[in-house]
Amino acid sequence: MPTSPLARRTFLKSGAGAAAVSALAPRAYSANDKISMAFIGTGVMGSENLGVAAGQPGVAIAAVCDVFQPNLERAAAIARRAGHQPKEVRDFRQILADKSIDAICISTPDHWHPYITVEGCKAGKDVYVEKPACVAVDEGRVMLEAARKYNRVVQAGTWQRSGAHFQKACEIVASGELGKIAFARSWIYNNQPKKGIGNPAEQAPPPGLDWDLWQGPARQRPFNPNRFGVYKDTYSYFRFFWDYAGGIVTDSGIHMIDIVQMALGDAMPGAVVALGGKYWLEDNSETPDTMQATFEYPGLIGSWEHRSNNTELGKSRLMGINFHGTRGTLYVDRAVMRITPEDGSDLKPFEMKRIADPHPLHWVNFLDCVRTRKRPNSDIETCVKSSITSILGNLSIQAGMRLDWDQQAQTVKQTSARPLLRREYRHPWKLEA
Ligand SMILES: NC(=O)c1ccc[n+]([C@@H]2O[C@H](COP(=O)([O-])OP(=O)(O)OC[C@H]3O[C@@H](n4cnc5c(N)ncnc54)[C@H](O)[C@@H]3O)[C@@H](O)[C@H]2O)c1
């Protein structure tokens with residue numbers, strides 16, 4: 001095997017290199033073999049993922065990794081309480097280089113998902129990566145390419161796909177029982193004080209944080225507590241800054257848009273139009289607090305809306321989807337799926353509640369696929385699609401125009417908007433499958 005980087009590149013381009021890629025053959029597990037796992041990014045969701053995985057039979061937590069010492073220590077304690085003996089690692093590259101690790105879970109902020117997924121696939125690891133798959137449209141294609149090229153199982157964190165009542169909802173929509181569905185609306189509402197997440201001054205990073213490695217491929221910025229966004233008892237605020245994420249539509253919206261697309265056989269919209277902005281909050285967040293996006297699928301309009309200043313006294317359901325058909329409406333959220341017939345329709349009312357928590361089921365599905373090499377419930381391809389749909393909503397606002405999506409060419413028809421599909425990586429990070 002060539003050792004210098006140049007020799008290695010030449011080798012990989014040659015036939016012998018191609019053989020080396022396919023030689024990343026999956027490990028064959030016998031019934032008693034444990035899947036050796038590392039958890040990269042152990043904040044709120046990373047801890048939840050770790051807690052669920054640590055309790056599964058057949059898993060050994062080999063390492064936990066975070067660039068923020070308090071979160072790293074908390075994760076190590078979670079794993080130890082469940083009977084594991086993880087290494088504590090601050091730089092994920094040590095994990096990728098460790099050949100004894102079979103699979104990684106990436107629960108970092110969004111801007112790290114593509115790079116660590118792609119490098120993880122190259123290093124022969126299976127990957128559980130949180131949603132959204134990517135921050136920029138073009139990154140999604142590279143992630144999918146890496147998953148397929150290196151023959152990896154890559155499950156995305158869109159866990160609703162493992163929920164029985166979501167699966168039933170998608171089955172009913174696809175079956176035609178609701179008649180012609182021409183409209184599917186999805187939403188999230190909340191009511192926040194005008195001060196929102198506040199407007200703290202730039203300052204020195206807290207002790208124990210490697211701010212440079214936290215930012216990684218993102219543009220280098222002075223430390224601001226809201227950009228890092230880690231506070232007690234809340235999901236972090238990085239999600240409201242363009243350098244790291246895409247705001248509410250790529251954070252919550254993607255979960256709902258993902259189910260709409262699952263029900264439509266993982267169709268992509270051919271056109272997207274959106275409006276929105278910061279109309280209410282006076283804080284240093286950058287992404288829209290209010291937004292409406294319209295997606296044109298074949299024969300159906302999908303819509304996403306969020307607002308941050310009103311919940312209609314909680315009377316309106318706070319996050320959900322309505323599929324509107326000629327024979328009835330199917331409503332689904334995280335608790336229930338319900339069919340309400342139209343007047344005069346022979347459709348029967350129907351309700352199905354959530355049976356079991358889908359998140360652990362999603363993990364069981366991932367671990368099963370690692371062993372069997374089947375495609376997981378949220379195969380990366382599906383999450384790349386719902387991530388791109390959500391991102392295009394933001395880009396339509398930014399470009400001030402309708403965007404026509406060409407799934408085959410993986411680009412938009414409007415050439416002036418194409419630069420918005422890319423994200424520059426800060427040196428030395430480079431995204432390459
Ligand atoms: N599937 C779901 O339902 C769900 C729910 C919440 C969050 N999420 C996703 O989980 C991800 C994390 O969100 P969160 O709310 O837990 O954020 P968080 O800020 O609480 O956690 C992120 C952690 O990643 C660490 N980190 C940053 N760069 C790192 C690096 N290079 N190496 C190792 N660690 C690094 C941070 O220090 C932090 O501890 C996001 O992508 C979010 O969208 C998914």
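As the structure is a computational prediction, the values presented were derived from the model and not from experiment. Numbering of ligands and ligand atoms starts at 1, following listing order.
Comparing heavy-atom distances from atom 43 (O) of ligand 1 across His359, Lys131, His362 singles out Lys131 as nearest. Relative to atom 31 (N) of ligand 1, the option among Phe228, Trp159, Trp112 with the closest non-hydrogen atom is Trp112.
Considering backbone and side-chain atoms alike, Asp110 places an N or O below 3.5 Å from some N or O of ligand 1. Residue-to-ligand polar distances keep Tyr235 apart from ligand 1: every N/O pair is separated by 3.5 Å or more. The shortest N or O to N or O distance between Thr108 and ligand 1 is under 3.5 Å. In terms of polar-atom proximity, defined here as any N/O pair under 3.5 Å, Met45 does make such a contact with ligand 1. Taking any N or O of Phe92, backbone or side chain, none lies under 3.5 Å from an N or O belonging to ligand 1.
Ligand 1 lies out of reach of Gly229, whose nearest heavy atom is not under 4.0 Å from it.
No cation-pi contact links Arg338 to Tyr331, judged by a cut-off of 6.0 Å to the six-membered ring centre and 45° from its axis.
The ring pair (Phe, Tyr, Trp, His ring centres under 6.0 Å) with Trp112 is formed by just one residue from the set Trp429, Tyr244, Trp214; it is Trp429.
Each of the following atoms of ligand 1 lies closer than 4.0 Å to a heavy atom of Phe68: 37 (O). Listed by number with element, the atoms of ligand 1 under 4.0 Å from a non-hydrogen atom of Val230 are 19 (O). Each of the atoms 43 (O) of ligand 1 lies under 4.0 Å from some heavy atom of Asp251. For ligand 1, the atoms sitting less than 4.0 Å from at least one non-hydrogen atom of His113 are 41 (O), numbered in the order shown with element in parentheses. Atoms of ligand 1 lying under 4.0 Å from any heavy atom of Arg239, numbered from 1 in the order shown and given with element: 6 (C), 7 (C), 13 (O), 15 (O), 42 (C). Every atom of ligand 1 with a heavy atom of His255 under 4.0 Å away is listed here by number and element: 1 (N), 2 (C), 3 (O).
Sorted by first then second residue, the salt bridge (Lys or Arg N to Asp or Glu O under 4.0 Å) pairs that include residues 60-75, not counting sequence neighbours, number zero.
In this structure, the separation between CD1 on Ile35 and CG on Leu367 is 4.5 Å, given to the nearest 0.5 Å.
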